[in-house]
Amino acid sequence: DAGVIQSPRHEVTEMGQEVTLRCKPISGHNSLFWYRQTMMRGLELLIYFNNNVPIDDSGMPEDRFSAKMPNASFSTLKIQPSEPRDSAVYFCASNLLAAGYNEQFFGPGTRLTVL
Amino acid sequence: SQQGEEDPQALSIQEGENATMNCSYKTSINNLQWYRQNSGRGLVHLILIRSNEREKHSGRLRVTLDTSKKSSSLLITASRAADTASYFCATDSGSRLTFGEGTQLTVNP
């Protein structure tokens, strides 16, 4: 089992550029979560999908952020245009949502630096 | 308001000592989970305790849950240098988890 796969692992870009982060969840999992982690704000849930459908995007900071899940094995988080305050580590996590049990499996993260 | 607040924010102990971290939360929960994060890595699930359980063990880990006080504690016994990491509690109130700010544990050899 390869676990949750994220790419790229590191991204350095200039303000105003488009950034696309990618995630491959664990095969068989039906829920996918995007988090952002910073020193100031800790770990924040941005959006999550269940069966490829966005369920709660209330954590998405603003319209510059968008996320898609075209199929059960792939999701993207896009920032356009990027700003320096978007610099953070972005994590993708997945799980098989079941009543009373909700362990999440995290990917290694993408460290984004916006100059 | 922040769900799942840990204390202390940082804890430094010697190898072999026990480490205790606490978590408080505000709303009702289905279960509470503890995760570990090594520097530069993703979070790793350690243990889950359901709302109707009071204590759970897994190896050197012991978790307690007091739903009347809306609090949980994580005890790591006989700590090792490899236990150095950040530890987060997460409350499950449905289909999503809400994470606390974490406790940074340093175990000195």
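Residue numbers start from 1 in every chain, and the chains themselves are labelled A, B, ... in the order their sequence lines are given, proteins ahead of strands. Since the structure is predicted, the reported quantities are computational estimates derived from the model, not experimental observations.
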Hydrophobic cluster membership, with links at side-chain heavy-atom distances under 4.5 Å among I/L/V/M/F/W/Y: are [X] and [Y] in one?
{"X": "A:Val19", "Y": "A:Met60", "result": "yes"}
{"X": "A:Tyr48", "Y": "A:Leu21", "result": "no"}
{"X": "A:Leu77", "Y": "A:Ile5", "result": "no"}
{"X": "A:Ile47", "Y": "B:Leu43", "result": "no"}
{"X": "A:Phe49", "Y": "A:Val4", "result": "no"}

(request) Please list, in residue-number order, every residue in residues 106-115 of chain A that has a heavy atom less than 4.5 Å from any heavy atom of chain B; write 'none' if there are none. (result) A:Phe106, A:Gly107, A:Pro108
(request) Please name the pair of heavy atoms, one in A:Glu103 and one in B:His45, separated by the smallest distance, quoted to 0.1 Å. (result) CG-CG, 3.3 Å
Counting only heavy atoms not in [X], do more than 12 sit closer than 6.0 Å to its [atom1] atom?
{"X": "A:Asp63", "atom1": "CG", "answer": "no"}
{"X": "A:Gln80", "atom1": "CD", "answer": "yes"}
{"X": "B:Arg60", "atom1": "CZ", "answer": "yes"}
{"X": "A:Lys68", "atom1": "NZ", "answer": "no"}

(request) Pick one of side chain, backbone, both or neither for A:Glu44, based on which atoms fall under 4.5 Å of a heavy atom in chain B. (result) neither
(message) Rounded to the nearest 0.5 Å, what separates atom CD in A:Gln104 from atom CZ in B:Phe99?
(response) 5.5 Å
(message) Would you compute the distance between atom CG of A:Asp56 and atom CZ of B:Arg96 and round it to the nearest 0.5 angstrom?
(response) 5.0 Å
(message) Using the side chain to side chain contact (heavy atoms under 4.5 Å, CB included) criterion, which residues pair with A:Pro81? Sequence neighbours excluded.
(response) A:Arg64
(request) Walk me through it: do A:Tyr35 and B:Leu97 pass the test side-chain contact (heavy atoms from CB on, under 4.5 Å)? (result) CA-CA 11 Å; A:Tyr35 293 90; B:Leu97 297 179; 4.3 Å; yes
(request) Write out, in numerical order, the residues from residues 34-41 of chain B with a heavy atom short of 4.5 Å from a heavy atom in chain A. (result) B:Tyr35, B:Gln37, B:Gly40, B:Arg41
(message) Considering only residues two or more places apart or on different chains, which pairs with a residue in residues 6-18 of chain A satisfy salt bridge (Lys or Arg N to Asp or Glu O under 4.0 Å)?
(response) A:Glu18-A:Lys78
